[in-house]
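Here the structure comes first, spelled out in structure tokens, and everything after it is commentary.
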There are 2 protein chains.
Amino acid sequence: MASIKDVAAEAGVSVATVSRVLNDHPSVSADARTRVLAAVETLGYRPNAVARSLRTDQTHTLGLVISDVMNPYFTELARSVEEEARALGYSVIIGNADERPDLQDHHVRNLLDRRIDGLLVSPTDGGSPLMLDAARAGTPMVFVDRWIPGVDVPVVRADGRAAVRDLVTHLHGLGHRRLAIIAGPAATTTGRERVEAFREALAACGLELPDAFIGQGDFQAESGRRVTEGFLDLAEPPEVVFAADNLMALGALDAVRARGLRVPDDIALAAFDDIPWFVHTDPPITAIAQPTGELGRAAVRALVDRIEGRPGESVTLPARLVVRRSCGENPTPVQRSTS
Amino acid sequence: MASIKDVAAEAGVSVATVSRVLNDHPSVSADARTRVLAAVETLGYRPNAVARSLRTDQTHTLGLVISDVMNPYFTELARSVEEEARALGYSVIIGNADERPDLQDHHVRNLLDRRIDGLLVSPTDGGSPLMLDAARAGTPMVFVDRWIPGVDVPVVRADGRAAVRDLVTHLHGLGHRRLAIIAGPAATTTGRERVEAFREALAACGLELPDAFIGQGDFQAESGRRVTEGFLDLAEPPEVVFAADNLMALGALDAVRARGLRVPDDIALAAFDDIPWFVHTDPPITAIAQPTGELGRAAVRALVDRIEGRPGESVTLPARLVVRRSCGENPTPVQRSTS
DNA sequence: CGGGTTCGTGGAATCGATTACATCGACGGG
DNA sequence: CCCGTCGATGTAATCGATTCCACGAACCCG
């Protein structure tokens, strides 16, 4: 592969001049410029990004560590992150933690070793020493979706409180009184917050959330199935199951089907995170939709702001309820999902 | 960030010795080794991968350019690729081409500039000069799922011919005679092959595939919807629609629903590529399943073989039919999907 | 016409590693 | 006792860029 020296030789100038042309530094004669560009063309020269990074201490690369690529929510997030980053002149390296803290650490370490310019993380747990150190050491960092309390890093996320309240009101309006939740891991903010929001919304309707109606899941489909089976085995099973993410909702649907029961006639189902497939399930699933694309873009903007020396602020956007048929017929059809 | 010089100073040795310890070169005294390791520990030193790559001309990184991250098939492929690569000591940088040749080129160029050790591609089109040049220039490369004819690069893919034959036989057995297909882009091998396999399978059953029953899609949901609407507008619409990928099947399902028709009673639906959600749609969708994880792993192994100087062979694995309910009741329930 | 800018250019240092080569001491065999 | 060998270590070149600094030529102005 041709290097800058080859180009310099071909054009009959020094490497310094070639570099200046390539970085369009003002002080280059028109003659030298054309000769260099011609040489670049004939040699098919492309600057070595590795060498450039070593010298400039910038990789123009962002690291994105997400909890689970197979979760459509995170896939969409990753996609919007890459798009916005590309628009701003950055590349993205994605690390999939698969909800495993050890894998998360592996990727963070790997990305740090590669000297990425900044890190976007949706933490799987409460934060390993490695990540906390990185944050303290001044690595530009932004949390997206989930975050770690007490760490001085901007957070870009959706606030689901209002939407959860809307959901519970909707369920209450349909006559449901016994509502259960499949929670996410307590180590994650989203895992805790969604339960809290649910409990508060129930209280506002004068309902309680007994411990038996809080099932511990891990954001994966299998846990949704397991927890739902537990619910169905209760002497007085819930009338509604609210899954804290889309994969657990899928598992719940499986469990309900496996018993020969039907949604929503025998038991209602709702989920946090809306995804395209929820329109096509049987029945279509009522869900709380996050502005995923906007979150990804905002997170990148905040991170790039930090990298380039600007403040870089936290952003919280509202989630919203999308009513479909999985909780029973809606008395006010005008509110039906538009998708 | 501490560099190797700082470690050398702290340990009271030269940088060469530090490097030797880090790469466990045999000729280092036990004493020097412990002093270096202690210095590494106290300084929290991590080798700069950028510098190392510049010197060794290896990045231990694979590039993966896929056609569409939002397609669950490719997501799963990406995941298995990353897993296998990690097991072999490589990282993966994913580029999402979004079925756009210009974006595909952008990513290929970017990855090449970063001096990745090898490239895994599922080409969106017939191959840009850029990619052909890279292949000719000797960049280790492997095609996965889709490929470009006439380029001397190993191909790892699934062969769907037998499964398509099974599907058509199944459909014929259910009494369907008017079968249509939503094809993928003719520029892709999978786009062409699936139509061919379908046509041959029909011929084997004594059926024809009229032009009106070949709709041109682009592997995206919206095109599936559009093509299906065209089919439904025909004076004699098909009894079955076979979508060449899962997203177009989703669009087809939308179109059918929008007309107030039902699957499979009014029209049957089948898809190439099986995904977890197909179990949960209404009705569950009959599909042709590829051994996606195995394809990803085999592709990585072939690529790493090439990189490390071994042959690196093409691999073709069989796809298989998974019968569900979207084509009508199955006369032999024993064949039902196991998932 | 002379001194101070400005402009274009090249030489060389530098980033942080790896590694060929030189050096030096210890040790073993003849 | 001397010399060759080997093991441990340091010096310095190198990878491919960027960029500071110096230098010479041209130019401007008084």
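To find a chain, count down the sequence lines: A is the first, B the second, and so on, and within it residues start at 1. Note that the structure is a prediction, hence the values are computed from the model and not measured.
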Polar atom pairs (N or O), protein with nucleotides 22-25 of chain D, under 3.5 Å:
none

Inter-residue atom distance R86(A).CZ - E84(A).CD, 0.5 Å rounding: 10.5 Å
Qualifying salt bridge (Lys or Arg N to Asp or Glu O under 4.0 Å) pairs, either residue in residues 12-40 of chain A, two or more places apart: D31(A)-R35(A)
Those residues that, when tested against Y45(A), pass ring pair (Phe, Tyr, Trp, His ring centres under 6.0 Å) (two or more places apart): none
Heavy-atom contacts under 4.0 Å between residues 37-45 of chain A and DNA chain C, which residues? none
May I ask you to test the D145(B)-T190(B) pair for a side-chain heavy-atom distance under 4.5 Å? yes
Return whichever of V15(B) or R115(B) has its heavy-atom-nearest nucleotide of DNA chain D closer to the 5' end. V15(B)
Under the side-chain hydrogen bond (donor to acceptor under 3.5 Å, both in side chains) test, residues paired with T139(B) that sit two or more places apart: none
Distance in Å, L64(A) CG paired with L111(A) CG, rounded so as to fall on 0.5 Å steps: 9.0 Å
Look at all strands and tell whether V13(B) reaches a base, only sugar-phosphate, or nothing, counting heavy atoms closer than 4.0 Å. sugar-phosphate
For H60(B), the ring pair (Phe, Tyr, Trp, His ring centres under 6.0 Å) test, sequence neighbours excluded, returns Y90(B)
Five-pair end axes of the helix from dC1(C)-dG30(D) to dG30(C)-dC1(D) and the angle they enclose, rounded to 10°: 50°
To the nearest 0.5 Å, what is the distance between CG on D57(B) and CE on M1(A)? 10.5 Å
One thing to verify: whether D98(B) and R100(B) come together as a salt bridge, which I'm taking to mean a side-chain N less than 4.0 angstrom from a carboxylate O. no
Look at R297(B) together with E294(B) and state whether they make a salt bridge at an N to O cut-off of under 4.0 Å. yes
Distance, nearest 0.5 Å, that separates CD1 of I116(A) from CG of L62(A): 7.0 Å
Residues of residues 20-34 of chain A with a heavy atom under 4.0 Å from any atom of DNA chain C, listed by number, are R20(A), S27(A), V28(A), S29(A), A32(A)
Sugar-phosphate, base or nothing in reach of S19(A), heavy atoms under 4.0 Å: base
Results of side-chain contact (heavy atoms from CB on, under 4.5 Å) for S67(A) - residues two or more places apart only: F74(A), E99(A), S122(A), T124(A), R146(A)
Grab the CZ-C1' distance between R52(A) and dT19(D) for me, whole Å please. 13 Å
Walk me through it: do D68(B) and Y73(B) pass the test side-chain hydrogen bond (donor to acceptor under 3.5 Å, both in side chains)? CA-CA 9 Å; D68(B) 181 8; Y73(B) 168 73; over 6 Å; no
Apply side-chain hydrogen bond (donor to acceptor under 3.5 Å, both in side chains) to T189(A) and list each qualifying residue two or more places apart in sequence or on a separate chain. none
Step by step, work out the side-chain hydrogen bond (donor to acceptor under 3.5 Å, both in side chains) result for N96(B) and E82(A). CA-CA 9 Å; N96(B) 174 30; E82(A) 195 275 336; 5.4 Å; no
Could you work out, with side-chain contact (heavy atoms from CB on, under 4.5 Å) as the rule, every residue matching E10(B), not counting sequence neighbours? A39(B), T42(B), L43(B)
Under a criterion of less than 4.0 angstrom to any heavy atom of chain A, what are the 5'-terminal and 3'-terminal contacting nucleotides of DNA chain C? dG8(C) to dG16(C)
Give one of base, sugar-phosphate or nothing for T17(A), where a contact means two heavy atoms less than 4.0 Å apart. sugar-phosphate
Taking for I4(B) and for A16(A) the nucleotide of DNA chain C with the nearest heavy atom, the one nearer the 5' end belongs to A16(A)
